[in-house]
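Data first, discussion second: the structure below is written as structure tokens.
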Amino acid sequence: MADQLNMGGLNLNGDGPQSSPQARSYIPPHMRSRGGGNAPVTDGPPAGLNNSNWAGQGQQFAGGRQGGNWNGDAPAPGGGYQNNRRGGGGWGGRGGYSGGGGGGGYEGHGGGNHAARGSGDGQWRDGKHIPGPPNPRVERELFGTADDPSKQHTGINFEKYDDIPVEASGRDVPEPVHQFTTPPLDEHLCRNIEMARYKVPTPVQKYSIPIVMGGRDLMACAQTGSGKTGGFLFPILSQAFIHGPSAVPANAAGQFGRQRKAYPTSLILAPTRELVSQIYDEARKFSYRSWVRPCVVYGGADIGSQLRQIERGCDLLVATPGRLVDLIERGRISLCNIKYLVLDEADRMLDMGFEPQIRRIVEGEDMPSVADRQTLMFSATFPRDIQMLARDFLKDYVFLSVGRVGSTSENITQKVEFVEDIDKRSVLLDILHTHAGGLTLIFVETKRMADSLSDFLINQSFPATSIHGDRTQRERERALEFFRNGRCPILVATAVAARGLDIPNVTHVINYDLPTDVDDYVHRIGRTGRAGNTGIATAFFNRGNRGIVRELIDLLKEANQEIPPFLEAIARESSFGGGGRGGRSRPGGGRGNANRDFRKFGGGGFGGSGGGGGGFSNPQQGGFSNYGGQSQGGSNYGGGGYGGGYGNGGGYGNPGGAGAQSSWW
DNA sequence: AAAAAAC
């Protein structure tokens, strides 16, 4: 028992003099070097110390400590158990740390006194949501202050969002809402939304809120800048606040002692560590003072601390797939209680080879079946492999297609300059010299280039830093933090930062090296001009980039941008000699049907990369029209497309059919 | 070819 009282290094004898909050303070990885001079965020000071206004019921910290819905044999959520302990004080002044203890075991939602975490410190009692007390320090940390723009979206022109077209299809699509309050999201959630200074739902949110609240599954083609994080967090949290925690299934009971298992009710998967960290930050905002306790887990960070974090309660879990699988293997997380599953940046996750892990998480563990959970998928594109995933993971879903935020909305001025590789550095210096103010994000293709370029810039006395996958997680977080807060307003980045990251005030994106996939280009420039602000995107183009020249031109046209003559010229060159460039980049059917509900638009979807049989065709070769090439493969549903093409077969990287082309590169 | 991601 003594053992349990000290689990995870927490001092649960909260009344003891030895319990200085600093003594064993611990800062989770994602919280480190954050918030400037804020007091360190600790994971386990005795509740009473942080929560003096609750002192009168000091014992309540007992339940709160592990507040999450793990390991309860309490069949009734929010029922009398917590009540007893909380109100009655029957568990004693020592805090009655019972949950999970050898004897206690039952633990529904005590509601957290997650004092130190500052989010989700409310409780669920008697079937009612009792928000925790306000905490000014935490509010500053979560919502920022007027003079710290790094935490807030200043100058958002939400009205501009209305320009973004949204197309919804599927059976019985609910009418979009136009305000957060009608029909109402939970009142407490609305308070938090207000504190975060979100005034009006973005187009994605207008649709996703009623869709999710109505219990429907969702497949949305949208980028992060469209407000999709709120798009899934708002309805999920609202429902959670209204309905309270759910009981841990009976068969999960009877776990004793130390091996505590978390039973989150919402799971959000995303591809990169920075992205999950960012989603987690949003989740903390909107679950502030609520009974819901968000957690985040990802690789590259100390797993012990993450274990302790989830031990103390985990209702909404944001995770990268690898680390989640690890935790499941260790028996520390069960998915049997999942009500909401969100796959964010699904196309990116598949690109990164996460499909096996994702399938394992969704289909190979104890996750409720498709029918018994609600599943939301977000993806920038809708290629065939994503359609397969949608077919397997979703039921009767509403398909949402959100227009591109960046490129089409003309918020971003896109410039393409012809720069030979050898001249790139000096052209970059010119740009940086003339472009003062705001944050500049520079994309390069390789990690080595990221290092050498940032070294170069630093040597030139520019306040630069870099982020890429070979830097430690610590360095990555630090770089991002310094960039966000303006200490290093120049960030050199690889693809790790291309998608999803929401950094306010990025005024200039420079594609020092253009990506080979135009979708990546779209994502990269989408780091600026966000939320209705304007931004500039400059790309260095030379013949090494002719692979995307066609699509780049199409994109610029679509966005009403100026098209430099040399681009057209190179496009003409390429269309003769260079055969075969066209079709490859989008094995899944790419933009041709990227934003289409393939259920409606027919087989074009499933065939995507399938060209297997018939794909070897001139339309692809010439590169005149990618679309043509893809839809050609696309119509191949019954043939090589679907069957042969599944996985990597068919035509991935080789759309023209087996052996028809040598390496695309 | 490169990048990302679990240890």
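Labels below follow one simple rule: chain letters A, B, ... track the order of the sequence lines, proteins then strands, and each chain is numbered from 1. Only heavy atoms go into these numbers, but all of them, side chains included; no hydrogens, no water, no symmetry mates. Remember, predicted model here, so these are calculated numbers, not experimental data.
- For A:F354, the ring-ring contact (aromatic ring centres under 6.0 Å, His included) test picks out no residue, with sequence neighbours left out.
- Relative to the side chain of A:E329, the nucleotides B:dA1, B:dA5, B:dA6 differ in distance, and B:dA6 lies closest.
- Here B:dA4 presents its C1' atom at 13 Å from CZ of A:R524, a figure rounded to the nearest Å.
- Rounding to whole angstrom units, CZ of residue A:F443 and P of B:dA4 are separated by 12 Å.
- Listed by residue number, there are no residues of residues 448-456 of chain A with a heavy-atom contact under 4.0 Å to DNA chain B.
- The phosphate of B:dA6 (OP1 or OP2) has no side-chain N or O of A:R360 nearer than 4.0 angstrom.
- One interatomic measurement links the two molecules: CD1 of A:I358 to P of B:dA6, which rounds to 11 Å at whole-angstrom precision.
- The side-chain contact (heavy atoms from CB on, under 4.5 Å) search around A:A450 returns A:V444, A:H468, A:V492, A:T494, not counting sequence neighbours.
- Between A:T516 and the phosphate of B:dA2, there is no side-chain N or O to OP1/OP2 separation shorter than 4.0 Å.
- Phosphate proximity of B:dA6 to A:T320: present, with a side-chain N or O under 4.0 Å from OP1 or OP2.
- Note on residues 535-544 of chain A: pairs passing salt bridge (charged side-chain N to carboxylate O under 4.0 Å, His left out), not counting sequence neighbours, are A:R543-A:E573.
- Following rounding to the nearest Å, A:I548 (CD1) and B:dA1 (P) show an atom-to-atom distance of 19 Å.
- Taking only side-chain nitrogens and oxygens, A:R273 comes nearer than 4.0 Å to OP1 or OP2 of B:dA5.
- Here the rule is side chain to side chain donor-acceptor pair (under 3.5 Å) with A:H508, and of A:T440, A:T538, A:T528 only A:T538 fits it.
- Between the CD atom of A:Q357 and the P atom of B:dA4 there is a distance of 16 Å, given to the nearest Å.
- The nucleotide whose nearest atom lies closest to any side-chain atom of A:M352 is, among B:dA2, B:dA4, B:dA1, B:dA4.
- With sequence neighbours excluded, the residues that form a side-chain contact (heavy atoms from CB on, under 4.5 Å) with A:R373 are A:L341, A:V362, A:M367, A:P368, A:V370, A:T375, A:F393.
- Closest to the side chain of A:Y298, out of B:dA2, B:dA4, B:dA6, is B:dA6.
- Residue A:G300 is classed as a sugar-phosphate contact, given heavy-atom separations below 4.0 Å to backbone atoms only.
- One atom, NE2 of A:H468, and another, P of B:dA5, lie 12 Å apart when rounded to the nearest Å.
- A:Y340 is linked by a ring-ring contact (aromatic ring centres under 6.0 Å, His included) to nothing, counting only residues two or more places apart in sequence or in another chain.
- Rounded to an integer number of Å, the gap from CG of A:L269 to C1' of B:dA5 is 13 Å.
- Screening A:R476, A:R471, A:R484 against A:E274 for a salt bridge (charged side-chain N to carboxylate O under 4.0 Å, His left out) leaves a single residue, A:R476.
- Following rounding to the nearest Å, A:R359 (CZ) and B:dA5 (C1') show an atom-to-atom distance of 19 Å.
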